[in-house]
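Reading through the structure tokens given below for one structure.
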Amino acid sequence: MRLRSTSPHGATRLSTVTLAALCVIALSACGARVDAGSPGASSSAESCVDTSGDTVKIGFLNSLSGTMAISEQTVHDSLQLAAQEINADGGVLGKQLEIVSEDGQSEPTVFAEKAGKLITSDCVAAVFGGWTSASRKAMLPVFEAQDSLLFYPVQYEGLESSPNIFYTGATTNQQIVPALDYLAEQGTKSLFLVGSDYVFPRTANKIINAYAEAHDIEIVGEEYAPLGHTDFSTIVNKVKSADADAVFNTLNGDSNVAFFKEYNNAGISAHDMPVVSVSIAEEEVGGIGVENIEGQLTAWNYYQTVDSPANSAFVEAFKAEYGEDRPTSDPMEAAYTSLYLWKAMVEKAESFDVDDVTAAADGVTFDAPEGEVVVNGDNHHIAKTALIGKIGADGLIHTEWSSQEPIEPDPFLEGYDWADGLS
Amino acid sequence: MDIIAQLFAGLSLGSVLLLAALGLSLTFGQMGVINMAHGEFMMAGAYTAFVVQGVIGDAGISLLVALPLGFLVGGLLGLLLEATLIHRMYRRPLDTLLVTWGVALVLQQVARDVFGAPNVDVRAPAWLSGAVEIGGLALPRTRLFILALAIVCVVALALALRATPLGRRIRAVVQNRDLAEASGISSRGTDRVTFFVGSGLAGIAGVALTLLGSIGPTLGTSYIVDAFLVVVAGGIGQIKGTVIAATALGLMQAFFEYSTTASVAKVLVFVAIVAFLQLRPQGLVSVRTRSLA
């Protein structure tokens, strides 16, 4: 073959082989097929949770391998911390928590399978985990069919409300809408939207467009980059020539690194055209390089720098457990909070039964590191305070603006006139 | 002015593709080895830059030190791979593909275990930050640097192939292995050196990419597909073809992306490559030999 490769004929064959191989590799990345509710969908929803002993089982379902492991490992760590604290403090209704951990492997299908396993064969009282919207959408039918509980700890695109899921991350009106309110308050008249090409950025930008139209803000550009896109010179050129007042960034993952390096190299400063990001937390700042992103803005509900006794205790406990160099971020805090919220619901209901717990959920509060949060019994989201932060030279994010009080969750944006027709 | 800005963006993207593909055009093109671990050699180069910066501190000096060191690290990894695995399967390209892909996954995991899963940061030196203003046009210094680096690499490689005894041996082996062996050239030794140089170029590309993108265990996977496309479209084993193909793909991506969107541009570029290979399966430039195989 090596001799043939020099002749045109051999070259053709070799190229064909290579191209075929590349196609397989490229396709394997998007081959997640989800069989809705397949694991045990036919069995009855009779719960097998055993609460007769001194312990009660709960499940943690995070990706500990695959591309999402970087992010989900941090959530797993803070869930473990919460469980340790609760156990040290006497457990839930006097029962120690027994953790069953499963690896979602960054694959929605695996999440659905493992969720089924946790519910029907481990008989856990509740499951905590999930990160991507695809993983949540894959698990949703499983939890509904089995009438079991999932606590989902990440901000997401809204437009969902399942009786079997509690959403402890922000929905759009607690993150994106406040960020827009902040920009409008700062006198922003034009916006450029940059995002990765998948469901969250597209939905978020639909909301931003509707908001902009109602609030007299001009959208001067809307650009999407494929996930994993590495070259942002063209997009940054477009941003630069559009000369908007600010950029709204919904890029995900490694693309952020390339985008901010390019942005910086093109000589655009945070002062001239600030970028507001909704997917960059403390964890990501180091990889992008503080020098490339200092002074840019983020929208979340929690930062490591939040000044409260509950947060100092959380940060201190986390660093003591996992190391001084580990930052705490919004999804980690939301996961930590989710376990405590479940505990509070169970104690209010005085029962581990799913129906009793959901019936008792409304109005349950917890003094979380981000501030006090309240569960909304109707849509299963929680009231959260929105925080706009500025990335500092120390690599941490400092609160620049806050919504003052917790914002009631509104996943379908029903309380906003301008959002008519979005959902 | 926008057209000139895009022209520069295209040339710059082309130079990145060229750096990533140049080593591959040696190992894949000249030797016919489908090395899926080429991207991981780039990753090794990028982490070399990270380690060097950690040791030296000064961003400028460490970049200049990391370039040759990255070449060495990439080259030695390549040499190791060639000596342990690839030389056993020169006549089985499909097996090499699978084996080197496995090696790529192993290298990614090694990087994850050694450096951790999150991305690391390599600071760009002060003399490369910001942009050069020419008539209202801002050309990022990092991109100018990479463009220059790509040109230097191509010229150096072309000179080495043309003017050195080693280059003569490589060309002889490529054109007709049996005849070259019959004339007293050690094809085994030549293969090793070719692989060393090809993998070393990947290391240099890795160091350069720290100026533009993320530095993490999966860095290589983002570039390997594009690098193979460049080599295949350019014509296997031809540096001239690789240069033209990289430039053309860079310009196409930049202009398509400017007039449509990044996703559509990617599709259009793929379609263009498929169509082009239908018309010219041997790529842009091909060698004609009189060998029988």
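Values below: every heavy atom of this structure, side chains too, minus hydrogens, waters and symmetry copies. Proteins get letters first, then strands, A, B, ... in listed order; numbering begins at 1 in each.
What you find for A:E291 and B:D121 is that their closest heavy atoms are OE2-OD2, 3.0 Å. The two residues A:P226 and B:A262 make their nearest non-hydrogen contact at CD-CB, 3.7 Å. Considering all non-hydrogen atoms of both residues, B:S222 and A:T230 come closest at CB-CG2, 3.6 Å. The minimum heavy-atom distance between A:I235 and B:E257, with the atom names listed, is CG1-OE2, 3.5 Å. Residue B:L212 comes nearest to A:E262 through the heavy atom pair CD2-OE1, 4.3 Å, listed as atom of the first residue, atom of the second, then distance.
No other option in A:N292, A:I268, A:V257 has as many heavy-atom pairs under 4.5 Å with chain B as A:V257. Of the listed residues (B:S12, B:A138, B:G213), the one with the most heavy-atom contacts under 4.5 Å to chain A is B:G213. The greatest number of non-hydrogen atom pairs below 4.5 Å with chain B, out of A:A258, A:S241, A:G267, is found for A:A258. Across B:L98, B:L139, B:L209, B:T142, the residue that shares the most heavy-atom pairs under 4.5 angstrom with chain A is B:T142.
If you measure heavy-atom distances from B:T260 to chain A, the contacts under 4.5 Å come from the backbone alone. Both the backbone and the side chain of A:T234 come within contact range of chain B, with heavy atoms under 4.5 Å apart. Interface residue A:I288: only backbone heavy atoms are found under 4.5 Å from chain B. For chain A, the nearby part of B:Y223 is the side chain; its heavy atoms alone come within less than 4.5 Å. Residue contact with chain A, scored on non-hydrogen atoms closer than 4.5 Å, is absent for B:T221.
Under a 3.5 Å cut-off, the side chain of A:K238 and the backbone N or O of B:Y258 do form a donor-acceptor pair. Side chain of A:K261 to main chain of B:T210: a donor-acceptor pair is present (N/O by atom type, distance under 3.5 Å, no hydrogens or angles).
Taken to the nearest 0.5 Å, the CG atom of A:L227 stands 9.0 Å off from the OG atom of B:S263. B:L11 contributes atom CG, which lies 10.5 Å from atom OG of A:S233 (distance to the nearest 0.5 angstrom). Atom CG of A:D254 is separated from atom CG of B:L219 by 8.5 Å, given to the nearest 0.5 angstrom.
Here A:D231 pairs with B:R143 in a salt bridge; the nearest charged N to carboxylate O distance falls below 4.0 Å.
Counting heavy atoms of neighbouring residues, nucleotides and ligands inside a 6.0 Å radius, atom NZ of A:K206 does not exceed 12 of them. At most 12 heavy atoms of other shown residues, nucleotides or ligands fall within 6.0 angstrom of atom NZ in A:K390.
Defined by atom type and a distance below 3.5 Å, a donor-acceptor pair is missing between the side-chain atoms of B:D2 and A:N237. With hydrogens and angles left out, the side-chain atoms of B:T261 and A:E223 include no donor and acceptor closer than 3.5 Å.
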